[in-house]
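Throughout, residue positions are numbered sequentially from 1 according to the sequence presented. Heavy atoms only: backbone and side chains are in, while hydrogens, waters and symmetry mates are out.
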Amino acid sequence: MRYITLLALFILTSCDREVVPTFNSVHPYLKEYYSEFMELTGHVNKSEVIMVEFSKLMPKGVLGIAIGMGADSTVLVKINTMHWNELSDNQKWWLVMHELSHDILNWEHGRNILMDTPMPMHVSDLMIATARQKLSE
């Protein structure tokens, strides 16, 4: 039922100005990443629905998914719970920023270092600094 409501909100809402979301649910572990993303990008919220959460229901080998990509009235990002604890802190940052970039900025794979796929086995501090620079451009 929750997803039907979100789908209805997604279909019925669209705007070009900053809005206060009617539904805002960012998992407590993911809030810090979401806040940093918004600050780095200077993004003005246009989304009526914001959901950034963990999910166990992900295809095998998928670390995260940006379901709201291309739909500016909805941010819907899911991170695979089954792999989260296996990732380093830098990989966690990389994964969340990658998925938020898909969803909020509509960035495709290959656009820059952050959007390359698959996620690097090792994410260095220099790679994160480079990705932060790309996000703030």
Side-chain angles (χ1 to χ4, degrees):
M1 183 66 179
R2 179 168 138 187
Y3 292 106
I4 293 172
T5 303
L6 290 174
L7 182 59
L9 284 172
F10 167 75
I11 292 169
L12 296 174
T13 58
S14 173
C15 60
D16 293 335
R17 62 186 177 0
E18 184 169 9
V19 299
V20 176
T22 54
F23 185 85
N24 188 343
S25 176
V26 178
H27 190 283
Y29 290 147
L30 301 173
K31 274 188 191 285
E32 182 179 329
Y33 301 103
Y34 180 79
S35 296
E36 181 180 355
F37 180 88
M38 297 301 276
E39 184 177 319
L40 282 170
T41 61
H43 183 73
V44 174
N45 181 55
K46 298 176 189 169
S47 303
E48 296 281 339
V49 176
I50 299 173
M51 284 182 63
V52 182
E53 62 187 17
F54 289 104
S55 176
K56 291 181 182 178
L57 304 173
M58 303 282 279
K60 185 176 181 172
V62 173
L63 298 176
I65 190 164
I67 299 168
M69 184 175 179
D72 291 339
S73 64
T74 303
V75 173
L76 181 50
V77 170
K78 294 188 177 279
I79 302 297
N80 192 329
T81 306
M82 307 305 281
H83 294 291
W84 183 254
N85 290 330
E86 299 169 358
L87 301 175
S88 69
D89 289 344
N90 282 1
Q91 287 175 314
K92 289 175 182 177
W93 184 92
W94 197 268
L95 171 61
V96 176
M97 296 300 163
H98 175 96
E99 296 305 334
L100 289 172
S101 294
H102 274 313
D103 201 304
I104 296 172
L105 303 176
N106 295 314
W107 284 1
E108 300 281 346
H109 287 141
R111 180 183 178 112
N112 57 47
I113 186 172
L114 180 62
M115 301 312 292
D116 287 346
T117 188
M119 183 172 72
M121 293 295 290
H122 175 73
V123 177
S124 69
D125 291 342
L126 178 59
M127 291 169 72
I128 288 185
T130 302
R132 280 188 172 120
Q133 180 182 2
K134 292 295 181 189
L135 286 168
S136 63
E137 289 177 350

Please assess E36 against M97 for the test side-chain contact (heavy atoms from CB on, under 4.5 Å), listing each intermediate value before the final yes or no.
CA-CA 9 Å; E36 181 180 355; M97 296 300 163; 4.0 Å; yes
Walk me through it: do L105 and L135 pass the test side-chain contact (heavy atoms from CB on, under 4.5 Å)?
CA-CA 9 Å; L105 303 176; L135 286 168; 4.1 Å; yes
Is there a side-chain contact (heavy atoms from CB on, under 4.5 Å) between W93 and V123 once you walk through the steps?
CA-CA 9 Å; W93 184 92; V123 177; 5.8 Å; no
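Closest approach of M115 to S101, counting heavy atoms only: SD-CB, 3.6 Å. The nearest pair of heavy atoms linking G64 to E99 is O-OE2, 3.2 Å. Between N106 and D103, the shortest heavy-atom distance links the atoms OD1-O, 3.6 Å.
You'll find the side chain of M69 reaches within 4.5 Å of the side chain of E108, heavy atoms only. Looking at N45 and I50, their side chains come closer than 4.5 Å, going by heavy atoms from C-beta outward. You'll find the side chain of V75 stays beyond 4.5 Å of the side chain of V26, heavy atoms only. Contact annotation: the side chain of M82 never approaches that of M58 to less than 4.5 Å [non-hydrogen atoms, C-beta and beyond].
No single ILVMFWY cluster, assembled from side-chain heavy atoms under 4.5 Å apart, contains both I67 and V77. Under the 4.5 Å side-chain contact rule for hydrophobic residues, L76 and L63 do not share a cluster. Both L30 and W94 are assigned to one and the same hydrophobic cluster, defined by single-linkage of ILVMFWY side chains at heavy-atom distances under 4.5 Å. Placement of L87 and F37 within a single hydrophobic cluster is found when ILVMFWY residues are connected by side-chain heavy-atom separations under 4.5 Å, directly or transitively. One hydrophobic cluster, built from ILVMFWY side chains closer than 4.5 Å, cannot hold both V52 and I65; they sit in different ones.
Interatomic distance, CG of L95 versus CE of M119, reported as 6.0 Å (0.5 Å rounding). Considering CG of L40 and NZ of K134, their distance stands at 14.0 Å, rounded to 0.5 Å. Distance CE/M127 to OG/S124: 5.5 Å, rounded to 0.5 Å. The structure places NZ of K92 at 13.5 Å from NE2 of H83, a figure rounded to the nearest 0.5 Å. With rounding to the nearest 0.5 Å, the separation of NE2 in H43 from CD1 in I104 is 5.5 Å.
Among residues at least two apart or in separate chains, ring-ring contact (aromatic ring centres under 6.0 Å, His included) pairs with a member in residues 54-81 are H27-F54, F54-W84.
Side chain of H98 to main chain of L114: a donor-acceptor pair is present (N/O by atom type, distance under 3.5 Å, no hydrogens or angles). Side-chain N or O atoms of S55 include none that pairs as donor or acceptor with a backbone N or O of I79 at under 3.5 Å. In this structure a side-chain-to-backbone donor-acceptor pair under 3.5 Å is present from T22 to E48. A donor-acceptor contact shorter than 3.5 Å links the side chain of S47 to the backbone of D72. A distance-only check finds a donor-acceptor pair linking the side chain of H102 to the backbone of W107 [under 3.5 Å].
Around atom CE of M38, more than 12 heavy atoms belonging to other residues, nucleotides or ligands sit under 6.0 Å away.
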